[in-house]
Each structure stands twice: as structure tokens, then as C-alpha cells.
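Step one of this worksheet: look at the structure below.
Values in this document were obtained by computation on a predicted structure and should not be read as measured data. Positions are given from 1, in the same order as the sequence printed here.
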Amino acid sequence: MKYPKKYLKLLLSAPLRPLKFRAADFIAGIYFYTRLIHLFSRQYQKINRHRLIKVLFLATFVICLLFGQVVSAQTPNVTTLVEQGIKAYNGGDFFNAIKNWQEALNQDKNNPSFTAIVNENLGRAYQQIGENKAAITSLSTAINDYNAVENIQQVGRMKSELAQVYSNLGQPRKAIALLCGKLIDKPKSTENQPSQAEKCTPESAEQIATKYNDKRGQVAALGILGEAYRLIGSYDQAIKYLDIAQQVASESKFLVFNSLGNAYKSRGQLRELQADSAKKAGIFSKEKEFIQNSQEDYDRAYQYFQDSIKFARNEKQPLAEMRGLLNFIQLASQTNKNKFINDKEFNKALKDALKVLEYLPDSATKVYGAIDLAYLQRDAKGTSPFTYCPTGRVLSENNEALNLLESSVLTSQKLQDERLISYSNGALGHFWECSPDNEKALKNQKALKYTQAAIIAADSKLSAKDSLYLWEWQAGRILDKQKRKEEAIASYQRAFDTLEDIRQDILTAERDVQFDFRDVVRPLYRTLAQSRLDLLGVGAIADEGRAKELSKVVNTIDALKLAELQNYFGNDCILSGLNPKQVGEILKDKSIAFKNTGFLSSIILDGKVGILLQLPNQAIKFKWIEDPNQQGEKIVSSETLQKKIAEFRRGLIKREEINYDTTIAAELYDWIIRPFAEDIKPEKVKTLVFIQDGFLRSVPMAALYDSKLNKYLVETYAVATTPSLRLTTPKLRDRSTQKALILGLTKEATIDGKTFEQLFAVPDEVSAVESIFPNHTPLIDENFLAESFQQTLDKTTYPIVHIASHAQFGIIPEDTFIVTGKNQKLTISQLENSLRNLNSKSDSVELLTLTACETAVGDDRATLGLAGVALQVGVKTAIASLWSVTDQSTSELVKTFYTNYRNTSMSIAEALQTAQIRMIHAKKLPPSEGVNTMYDHPAYWAPMVAIGNWL
């Protein structure tokens, strides 16, 4: 049947979703508006926003017609509903648009030609109100409907659009699956050329577009694919796909240039981190190489942003020009120390951006552009401008920044976009929060007024929940300054709850409000915890109320530690087996064996450190770390504690004294353990599990010394550690018939310019493990490679995996690896992927042992590598060393531990405890035991820690 003229007119006048402020969104929309772009380019600035939107939205309706899709005539009522939906969308009333379109679908469910188009645009409407799950459902349904009418080309396009939604949600791996059908973790070549081995699967969006010679669809798929790879930190792959998109694109290349600039900029920033990591590791040749590579990437980013600006300007595309200018300016401000963008270029770009902004039509780009320029700093501190008060704004004269922020509020109100209203009001509220204190009361009043307006808009029908946590946190800070402590805590708690709800989604998403863990999560969580703890010290709080407050503090600390673990391991890290219950609920679970176990959690706050003790079915105890011998104020500052711990660890690692001086170990015991002595008497508590924060993670707690009993802590308690109780399910398992995979390196190796010495004790260590586990498979030296490790795990289930080699846990995951044969390495990502492939519970690894580890110097997050690599993929327990001990002592300790481990009546923590006590008493053992008397020094036995399940 012919398409009704009235209906066609409606479709042509319907709205396109507003262009977001992200490069990926420009690419995603490339085939929605480029057909019409030249018709309006000259008159673009003269057309008001709604008129332009009406021309461009649902361009896919027209495209479907052009490709021969037949849509049957609709009943008058359905046509009316579609028309009302379009009118509502144009007016920013997305809820009524959805309501009308859903009703239209209900009246005509059996016409896939019609339902495909409506579902497609319902998906866009749902995105406008932040209902991304509904958007995914609608777009997925549209894909099925287009498949039903065999419009495969449109199937490919919808897969690209669905991939964009997943990417924006912080799930780029799902995006990659739709766009290409497979994930390439490591490119086979660093050259920006396509490889036959990397060709996407036939049903993928990219291959569908290629098959149908759909150039715009192909560019869109490649562009979003490049952005998705950028989000997972695979910058080489991102650049490769974006470069192919550049070659395919015949028009609107400025979109691809912009994304290429972002990819090179991101890779340049990574290489700066790598240079810093190499410097701290003492590999100065690699430091120099990374610095040079970083500079080259910044130069490429510079050129691509320049090209994007030039092409957008030539094609009279001010929105794209604005984006390019802002990216260029931010490149200069965030990489200022390189000085490759001089002041003249910077000032010209800034002047151009202000000029373009003035003539931009009212749009999201205009709002975000004004805010970005208002908060522009020559030396940007971090990714989120609303978590600190900026210093040295570029626009600091004549109220330029204030004028821009006030204009952004007015523009957002004209657009009636709740997300924009929230963001602009929040930015203006932050401006007043950070303004000089000459009119303090008035300033705080204005700051709170605009911040509350931001909260109301963000919370309105959940339209901007991804920025709500920022404004709630901001309100808390303002209320704190006004001495309204309980109201401030309530705001902090709402910010925490919101962030916890959406953190997994925004961990890596390219969003309007950029997310950065160190800028946002860590300070917010610590602020909330400290505020609650401070409140306990003000006035009298009943025991019941105190218990509730402490329980909330525990949940906050636990969430922080999980967030740190996720952040360290990156983009789509999913913690396997995460218990949905909170810590307090877990401790009440009678099905889990917590008997005779105490849990000590640390929290490092502003200037001091707190310790919480949790015992099953008992009230939480909390104490600040204090020095009983100190006069006056007894609280030990976090700085003093950190220095003391560094001294303690340094003395252990150097092993300078044959007769160990226990003075510092005893002092730390008195600070951390003794305050809870009455609660953890040995007759009640047999095992202590530590849940550490920050620099405390690197402390070998077993070596703390009780000067009253003349015993190390491990002589009284079995000791274990875990990042979170929610990651640990204590359970005693049968170990009598377990198979072991034994991997070892005995030879000297050179990795990335760093030489790792020969491990003379490894043959004895391997031999000992083989004798304890007769059913074993060894992979030693040249046989120990990433490929052979993977292949061996694929063939057989090994509950025990023992790795005797150098293991480096660096500042960033890219510098975290295990040294293998042939001067190669098993990266943390490869280890994770190999273990993650063991999907079924029966195939899971019970125990992963890493000896001869080496943690990075100067970064407390490096020890997360010890805990995280195993626990996040479902390994029940990890045994690892906090520093490298390469002599015979490791073999001696491991042999005793595994012998005890095979004794199923002994817990893992007790097995390790017994092995360590044996070495502590080395001087008392008969010569026939063959234990070197030097091994009583804690440097030999203390670094070995049990992580995870301690039973």
C-alpha cells in the first residue's frame, strides 16, 4: 500500500534527538542527518532549534522509504497518536511522546514495518529521560522487526545505535560485540592498517554496512567501535578503526578527526602514566621512550583537532567546530607542561570558541560549551571540575566566567531540558561555592540556591541521575560550611546512594559529567565516613544509634574498597561472586563459618586513621589510632602513621640486622591491635582478617609484635586479608585429591628494559610442590608462556595453580605482569582472561599462589593487584608475597604450607600460620629439620599473605 501523504509529512517534520556533547554521538548520528546537512548548512544559524529538530528527527523513516520498505497505511487514531507524540517530543515532553507512541504500538502490534520505526524512535525518547534499559529494549525490538521485514541494512544501523547506548552506559564491550562481533584485546600490529585476522563477523553492524555498501553506516559503526575501544583503554585498536573510518568517509570527516584526536590524547595520557611508572621502577630508558611516545601522541591529537576545526568550519558546522575548539583548548590545558601549544594558539582558539559560542543556536552544545569555557584552567587539575575549587581560571576578568554560567542557565531553561537545567545550575552553584569569602553568607545562600535547583532538575523523573550525586555532594559541602552537620550528612548519604546505584554504569562512560575515581568516589566516600564518625564524637548518642551509624560507616568503607578494586582493574571489571548483602548482614549469616574470627577494617581519613572491629553477632567497635605514650593530643596523624609503616616495611625488606629489632613492630601493635585486646582474647578469636585501606595494605600484619607476650601477632592468631567481606565466601573444602598446575621460571629475564635476576630457589620450590601434589602438570622456563598456560587450563581442571616467578604489580595495570620464559610476560589481563574462562563452579581455581612478587614503589593501589587478579575472576584464595624473597626460605615456607594445606582439618590461614611459626622458631628446631636459623627474621616469613577465603 502507498504511504499516506499526511503521515509522510508528519515523519518529515519529527524531531531528531539533540546532538550530545560527545564525539561518539556525532559519529553515531552520521547517517541520520548527513543526507540533509547540505540543504541547511548555509542557513543553519538562522533556523531555530525546534525547526531544525523537526526537519532531522526520524530521518530513518525517510531512509526506510528510500530503501524500498513498505509501510501500510495506519488508522486515523494511530496517525493521531504518532502526531501527538511528535508534538510532545518537540516540546521536550518526552514522557507524553513515549506514552503516545507506546499506545500507537499497542493498536498496531502486527505490522513490523511500522513497529520497527516507532520502536527505533522510542529508544531515542527513552534515552532523553535516562531510561536506558527501556531504550535498549526498544532498539533491540526494532532490530528484530527490521529483521522480520528483511531490511538488513537498517538492522546494521540499529545495531550501531544500540551499541552507542551501551557505550554511553559504560558497557563498551557489549557495544563492540554488536559492532564487530568479537573483542580484540591486543592488536596484532600497532600500525594503523586493517588486518584480515581482525575482520568483523558477518552479522555485525560494520560488516552489514560493508556488504550493502552503506558508507555512512560503515563510518558510524567504525566510529563508535573506535570510541568503544578507547573507553576500554585499547587505544591502538581505537586508532586503527577510526583511521579506517577516516579512509571510508567521503563527507563530514571532521567527526572522525575529532574522535581520532581524543584517541591519541588518551594514549598520550596513558604513556605519561607509564613514564611515571617506569621512573619509579628505575627503568630510565623506558621512561624516556614513553615520554617521547606521549609527546608524539599529543602532536597527533593536536593535528587532528586542528583538522576537525578546519573541516567543520569549511562545511559551516558550528556545533562540530565548537567541539573541536573545546577539545583543542582542553588538550592545551591538560598537557600544559609539554608546551607544544603556545600561548598565541591557545588564546586564538579561546577567542574563536567564544565567538562561535555567541552565534550557536540554543542547544546542549551551547550550554556545555559555556560551562567548559567558564571552568577552563591553563593547568587542569583533574577530569571533574566540580570536586574542587579551581584556581587560575583563564576567564577571570570582568565576570566573564559568571556571565557564561548565567547564560547557560537561561539557555537550558529555554530548551526545557532537565539534564541541561541540572548541569548549568549545578555549575553556577559551584561557582558561588568557590567565590571569595568577602560576602560569605550571601555567597553560601546563592550557592545553595542554585545547587538545590540542580538537584531538583536532576531528580526530576530521573532525567539526570548521572549528575545527581555531584550536586548532592556539593550541597553537603555548602551545608557543612553553614554548620548544618546533620543536613550535610543527609546530602552526602544521598550522593553516596546515587553513586553506588550508577557507578558500575559510569565507571568508563564518556559522559557529560566526566567521571574520575580519584576526583569523585574516594573523597566523597571518605567525607561521608568521616562526617558520621565525627558526629559520634559530638554529644551523647544512644548505643543503638551509635551502632547504626557505625554500620553505615562500615558499608561506606566497604563500598570504597570495592570501588578502588574496580577502578584499578579498569573498564568492565565485574567482581565475580560479589555478595549482594551488606557486611553486617553477611556476619549474621549462620550458613557461613565465622566462628572464632574477628575482622579489623581500617579507614584513612583527613589527618587520622580509624580501626573498626567486627565480630559475628556483636556490636561494632571503633577507635581512632592513638599513641598512649604521647603527651596531650594522643591521636596519631595519618602522616605519622604512614611514615612509621614505611619505616617498618623498609626495615623488613632490607634485612639489615640478623637479630631483628622489634621496636617499631611493637609500637604499631600497641596502636592497632592492643586497643581491642579485651575483645579478641585468644580463647574467643583464633583468626584475624584484615580489611585494609590505602598504605595499610602493604603492611605484613603477621609481623606486628606483642611486647608483653614477646610474640609476633601470627603466633597468637592466624592472619588473613581480603579487600571486602562481600568478595569472600569462607568455606572449608576437600583438598585430598587436588591437581596442581605448577609454573616456574629459573632463568634471568629482561622485560621492557628491566632485568629480573635468576631465581635459584625455584627448582627446589617446584620440586617440593610436585612431591606434595603427585597429580600435577609442570610448565617451567621455555614451557611457561602465556599461550601454553591458556592451553593447559583449557584442557584440564586445576584447583591449585602455583606460580614461582617474578611478579610485578605496577602503578597501572599495564605495568602489572608475571615474568614467563623467553623474556616474555603474562599480563594481568591475560591471567584474568585465562582464569575467567573457567566458567563453571567445578572448574574454578581454589588456590592461586604467587611467590617472588614485587609491588610498585610509592603507590598504595599496587597491592590491589595481589588481591584483585584472583578474586575478581572467582579464585577462592590467593597466597602472595608483599615483596620478593628469592632464596631458599620461600621454598621452605611453601613446602610446609602445602603440607598443612593438605590436612583438611586445618584452615588455609592456620596452614600459613603454622608454616610461619615454624620459621619463627628456626633457632629452636633440630638440625635435622634443615631450616636455616636466619629464617626467624620476619623478612623471610612475614611477606606471605593469605587473601580471600581463609578456611
Side-chain angles (χ1 to χ4, degrees), residues 388 437 476-477 479-486 488-489 492 522-543 545-554 556-557 560 598-614 619-651 661-680 688 690-699 701 703-708 713 860:
Y388 63 96
D437 285 341
R477 296 194 303 268
L479 290 165
D480 244 340
K481 290 177 183 177
Q482 295 178 341
K483 309 299 182 184
R484 297 157 67 177
K485 193 69 178 179
E486 292 190 10
I489 291 175
Y492 292 144
R522 187 161 65 179
L524 169 58
Y525 288 23
R526 292 192 193 281
T527 298
L528 175 59
Q530 177 139 10
S531 295
R532 290 197 176 281
L533 290 171
D534 287 345
L535 192 65
L536 294 178
V538 179
I541 296 180
D543 288 344
R546 186 179 182 85
K548 287 182 179 179
E549 287 297 314
L550 285 173
S551 179
K552 290 175 181 177
V553 170
V554 168
T556 303
I557 296 170
L560 170 62
F599 303 90
L600 286 165
S601 300
S602 56
I603 176 70
I604 301 168
L605 298 171
D606 185 18
K608 50 190 175 182
V609 179
I611 305 291
L612 295 109
L613 171 66
Q614 293 167 274
I620 301 169
K621 298 288 182 69
F622 171 80
K623 295 181 185 294
W624 295 112
I625 290 183
E626 295 181 345
D627 183 352
N629 300 316
Q630 192 168 295
Q631 298 297 319
E633 175 60 58
K634 294 186 178 298
I635 289 181
V636 177
S637 72
S638 53
E639 183 180 357
T640 299
L641 180 62
Q642 186 170 13
K643 288 179 180 177
K644 186 69 68 175
I645 281 172
E647 187 181 356
F648 171 58
R649 182 183 162 99
R650 191 164 50 246
D661 183 352
T662 60
T663 302
I664 297 177
E667 193 170 11
L668 289 173
Y669 184 99
D670 290 341
W671 290 0
I672 298 171
I673 305 298
R674 197 171 303 284
F676 300 100
E678 289 300 312
D679 302 290
I680 57 170
L688 288 178
F690 290 89
I691 307 170
Q692 300 287 45
D693 188 20
F695 56 80
L696 285 160
R697 295 190 193 104
S698 63
V699 181
M701 302 304 290
L704 298 188
Y705 193 75
D706 185 345
S707 57
K708 292 184 178 179
L713 182 69
D860 56 63

request  = Could you go through the side-chain contact (heavy atoms from CB on, under 4.5 Å) check for Gln614 and Leu600 one step at a time?
outcome  = CA-CA 7 Å; Gln614 293 167 274; Leu600 286 165; over 6 Å; no
request  = Apply side-chain contact (heavy atoms from CB on, under 4.5 Å) to the pair Val609 and Ile603, showing each step before the final yes or no.
outcome  = CA-CA 6 Å; Val609 179; Ile603 176 70; 6.0 Å; no
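Judged as a ring pair (Phe, Tyr, Trp, His ring centres under 6.0 Å), and not counting sequence neighbours, the contacts of Phe622 are Trp624. Taking the ring pair (Phe, Tyr, Trp, His ring centres under 6.0 Å) definition, one finds that Tyr705 meets it with Tyr712, sequence neighbours left out. Among residues two or more places apart in sequence or in another chain, the salt bridge (Lys or Arg N to Asp or Glu O under 4.0 Å) test is passed with Lys485 by Asp480. In this structure Arg674 satisfies the salt bridge (Lys or Arg N to Asp or Glu O under 4.0 Å) test together with Asp670, Asp706, sequence neighbours excluded. Remark: Gln530 engages no residue in a side chain to side chain donor-acceptor pair (under 3.5 Å) (not counting sequence neighbours). Residues passing the side chain to side chain donor-acceptor pair (under 3.5 Å) test with Glu633: none are found, sequence neighbours excluded. Every residue two or more places apart in sequence or in another chain that forms a side chain to side chain contact (heavy atoms under 4.5 Å, CB included) with Lys644 is listed here: Glu647, Ile664, Glu667, Leu668, Trp671. Residues passing the side chain to side chain contact (heavy atoms under 4.5 Å, CB included) test with Glu626, sequence neighbours excluded: Lys634, Ile635. Every salt bridge (Lys or Arg N to Asp or Glu O under 4.0 Å) that Lys608 has, sequence neighbours left out, goes to Asp534. Residues satisfying the side chain to side chain donor-acceptor pair (under 3.5 Å) criterion with Glu486, sequence neighbours excluded, are absent altogether. Scored by the salt bridge (Lys or Arg N to Asp or Glu O under 4.0 Å) test, Glu639 finds Lys643 as partners (sequence neighbours excluded). Judged as a side chain to side chain donor-acceptor pair (under 3.5 Å), and not counting sequence neighbours, the contacts of Ser602 are Gln692.
Results of the side-chain contact (heavy atoms from CB on, under 4.5 Å) test with Arg532 over Thr527, Val553, Leu550 single out Val553 as the only residue that passes.
Taking the side chain as every heavy atom from C-beta outward, Leu479 and Ile489 never approach each other to under 4.5 Å. Side-chain contact between Leu688 and Leu713: present, with at least one pair of heavy atoms (C-beta onward) separated by less than 4.5 Å. For the pair Phe690/Val699, no side-chain contact is recorded, criterion being any heavy-atom separation below 4.5 Å from C-beta on. In this structure, Leu612 and Val554 have side chains that are in contact, with non-hydrogen atoms separated by less than 4.5 Å.
Under the 3.5 Å distance criterion, the side-chain polar atoms of Thr556 are matched with a main-chain donor or acceptor of Lys552. Checking side-chain atoms of Asp693 against main-chain N and O of Ile604 turns up a donor-acceptor pair under 3.5 Å. Side-chain atoms of Arg522 do not come within 3.5 Å of backbone N or O of Leu560 as any donor-acceptor pair. Side chain of Thr662 to backbone of Ala665: no donor-acceptor contact under 3.5 angstrom is found.
In terms of heavy atoms, Phe695 sits closest to Ser638 at CZ-O, 3.7 Å. Between Ala703 and Phe648, the shortest heavy-atom contact is CB-CZ, 3.9 Å. Of all heavy-atom pairs between Ser707 and Ala666, the closest is CB-CB, 4.1 Å.
By the 6.0 Å contact criterion, NZ on Lys481 is enclosed, its count of non-hydrogen atoms from other residues, nucleotides or ligands being greater than 12.
With respect to Asp679 and Lys623, no salt bridge is recorded, no charged nitrogen being found less than 4.0 Å from a carboxylate O.
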